Structure formats: C-alpha cells, structure tokens
Amino acid sequence: MAAPVPRPAIDAVPAYRPGRPASDDALKLSSNENPFGPLPSVADAAAAELRRINRYPDAGMTRLYGALEQTSGIPADRFAAGTGSVAVLYGLLSAYCSPGDEVVYAWRSFEAYPIAVELSGATSVRVPLREDGTHDLEAMATAVTPRTKVVLVCTPNNPTGPVVRHDDLIAFLDGVPEDVVVVVDEAYVEFVRDPDAARGLDVVLEERPNVVVLRTFSKAYGLAGLRVGYLCGPAAIAEAVRKTTPPFSVTDVAQAAAVASLAAVDELAERVDAVVSERTSMLAALRAQGWSVPDSQANFVWLPLGDDALDFAAAVDPISVRAFAGEGVRVTVGDPQVNARLVEGAARWITGR
Ligand SMILES: *Cc1c(COP(=O)(O)O)cnc(C)c1O
C-alpha cells in the first residue's frame, strides 16, 4: 500500500526524545535556564496580556521592535523576532538555503544547528573545535566554498563555553565572501566578562551586508518558557527572515514580557552578575579538584569527560546535567546550593578514579 513519504531531509532528522524531567526544577542543570523566576514587573506585564488572549497578537510586533530600537539605538527594521532565536535561525536557513547548499559551523556546538540545517535541505559542514574548546576560525574560513550560503559562529560556544575574540571575528569576516550570511549566535552574551570577546552588535553597526547577530530572551532574561528571540543585521536580511515567520507566532504575552524585560535590564543585570560570580567559583573549585575546564563565559561549564560522560551524569543523579556520549558533560550554573552539590559530586568522582 502506498503511504505519504516526507522529504528525505525529514528522515535524516532524529526524532526528538525528551529527557527525563528533573524531579525538581532546581536540580535541572541541563538546559542552561536562568535559575531565577520572572521579575514581578515582567510577570505583571505578561499577566495583563493574558486577559486579552481572545485577540490575535500584534503580528507586526511593533512594541517589541520599538523597544529593541530604543534600547540598542539600531533601527527597528533591522530586527526580525520569532519564537526563540532557534526559530529565527530556522527562518534564516529557509530563506537562504536550497538543497545542495552548505552551512559551515564549528563542532561540537549547539545541538539545534545540525537539525536546523538538515531541515532546510542544506548540508552541514562541521569544523572541529580546537583542543581548548574554541572555534578554529581559520579552518572555518578554509571550509567556505562556492556552495556555502551560511556560516554559524557561536560565541560563547555552547556547550564548551569559550568566546570568539573580537579581533579574530573581524579578521574572519574580512575573509568570507560578502554573499555568505555569517550568523553570530550570542545567546549567552550577557554573561560575557572577557573584554576581548566578540561584540556582535558592533559588527552589525559596521554595516557589513552579510553579518547578523542572534539574541534571545531565554537565557539571561529568564523567559525560556515564553519563546522570544531575534536577529539583528542588515535590513534586507531582516526583511527576508520576517517573511519566513509564521504570522502571529510570538504571542502578546511573550511580547509584553520581553518589552518589560528590556525596561528592567538593571534588575536583570544583578541576577546575571550573581550567575557570573557562581560560574567563577565553580570554575575555580573544579580546577582546584584537577579538572581541565575550558574558560566558560556563559552560564554553564564543560567537563571534558570523553567516554565517561554518561557515567558521570549517572553519578550526579538526581541532579540532571547534559551529557554528550564520548565527549563531555555540560553543567548549567544554577542555584548556589545545587551548584555546590554538583561540585561535591565532581570531587567524589575525580578522587574515586
Ligand atoms: C539556548 C540557545 C539559543 C536560544 O534558544 P531560544 O530558541 O531563543 O530559546 C540559541 N543559541 C544557542 C547557542 C543556545 O544555547
């Protein structure tokens, strides 16, 4: 009997298998979420919108784009928002890639990249990270061919943590043809304290025709559950990506929470500072135990456990961490008490060997 057959790209994508939910939110150090609940001003703004959910959202996202323009000084028409920055990336790939085209990115990097690239019909070209968990931008530049449509640069890199340096990014961009879109994924930029780190928006302000920055409200802003992220870049790219976004996808509840968060950046920055100081302590404690941990500038740390990754994850149960078999374990910086338990678990693990 005949049955409908999806595009070959769909078969190539692994089906999503949800992880075991953590028994307690606080024990979940596996998704790089913000350990703080919403600010009262943000929760109130979202709640006010709940009372009018019989209406479709503002499809033009006027207030959100206006608030982004106001806080960044960059014109509203240079932004494209969607239900998380991953959704915006899907849109960008569908706007610029056709089957046979290539997308270059570092590996290991964000798990969503290979899936997003497969779905667009394009082919992934993965360039191994250097030993210290940083991008090998020279090798990435060499991997760009006439078939390359998009390059993804993740800084800080998920899951290893280091940033791309600003000077290195500029040198890289100077060598990439201007008809290749370069996406600088800055999902964790608010946690960066390295003064030499890449500053994506500065690059956007240089008016290069092919560079966009991805930002999200999911991490530092603590709105992972509401799904809002955006791209900032040349108006022509923003316009193309806006066309790919399903209408009414970002709810007014999410838009209002995002706008209220932009108005509360100072309060949110204190929370980000608290996470950064926990990160600093965790890195120091783990290194003192003998772990070789890359310099994370994000809200997680990377333990390069190799073949022991899954065993380590089992050993720290019921804390849930993100294990990549054969590579390592990514641990989100969460509640101080849970971080301390994780660090104790890491000590037991390393002394037990
Ligand atoms: C978490 C994350 C995002 C953001 O995802 P959203 O869809 O905005 O929640 C984007 N890029 C990287 C590298 C991430 O780790």
Side-chain angles (χ1 to χ4, degrees), residues 16 19 28-35 38 61 64 68 79-94 103-117 119 124 126 129 133-135 150-164 169 182-192 197-198 200 212-233 241 244-246 249-251 253-255 257-258 261-262 268 272 275 279 294 296-302 321-322 324 328-334:
Y16 181 69
K28 189 176 170 207
L29 303 185
S30 54
S31 299
N32 297 345
E33 294 154 339
N34 196 311
M61 298 192 255
L64 177 57
L68 288 169
F79 292 89
T83 51
S85 54
V86 172
V88 177
L89 177 63
Y90 274 50
L92 180 128
L93 293 171
S94 77
V103 179
V104 173
Y105 54 89
W107 199 251
R108 174 161 291 273
S109 190
F110 188 28
E111 295 161 87
Y113 295 161
I115 300 170
V117 172
L119 283 176
S124 287
R126 299 175 178 192
L129 294 171
T134 59
H135 278 50
V150 178
V151 179
L152 308 174
V153 176
C154 187
T155 176
N157 186 53
N158 176 6
T160 53
V163 289
V164 167
L169 177 64
V182 179
V183 176
V184 183
D185 186 345
E186 292 193 331
Y188 302 96
V189 70
E190 295 85 356
F191 301 100
V192 171
V212 305
V213 171
L214 282 182
R215 296 273 183 104
T216 180
F217 287 94
S218 298
K219 307 285 163 53
Y221 288 88
L223 299 183
L226 280 179
R227 317 302 306 124
V228 199
Y230 60 90
L231 150 170
C232 179
V241 173
T244 68
T245 309
S249 49
V250 183
T251 66
V253 178
Q255 292 183 46
S261 300
L262 290 170
L268 287 166
V272 169
V275 171
R279 171 185 82 205
S296 173
Q297 291 286 309
N299 67 340
F300 53 81
V301 298
W302 173 250
V321 294
R322 185 71 180 88
F324 298 93
V329 167
R330 189 192 67 202
V331 180
T332 305
V333 178

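Every number for a ligand or one of its atoms is a count from 1 in the order of the listing. Computed from heavy atoms alone, side chains included, the values below leave out hydrogens, waters and symmetry copies. Just so it is clear, the model here is predicted, and its values are computed rather than measured.
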Min side-chain heavy-atom separation V103-L152 under 4.5 Å: yes

Flag side-chain contact, heavy atom, 4.5 Å: S124 against W107: no

Contacts of R322 that satisfy salt bridge (charged side-chain N to carboxylate O under 4.0 Å, His left out) - sequence neighbours left out: E111

side-chain contact (heavy atoms from CB on, under 4.5 Å) involving A81 - partner list, sequence neighbours excluded: M61, L64, Y65, Y230

Within the protein, residues bringing a heavy atom under 4.0 Å of ligand 1, chain by chain: G84, S85, V86, F110, C154, N158, D185, A187, Y188, T216, S218, K219, R227

From CA spacing to verdict: side chain to side chain contact (heavy atoms under 4.5 Å, CB included), R126, S109: CA-CA 9 Å; R126 299 175 178 192; S109 190; over 6 Å; no

Residue pairs passing the salt bridge (charged side-chain N to carboxylate O under 4.0 Å, His left out) test where at least one lies in residues 214-223, sequence neighbours excluded: E186-R215

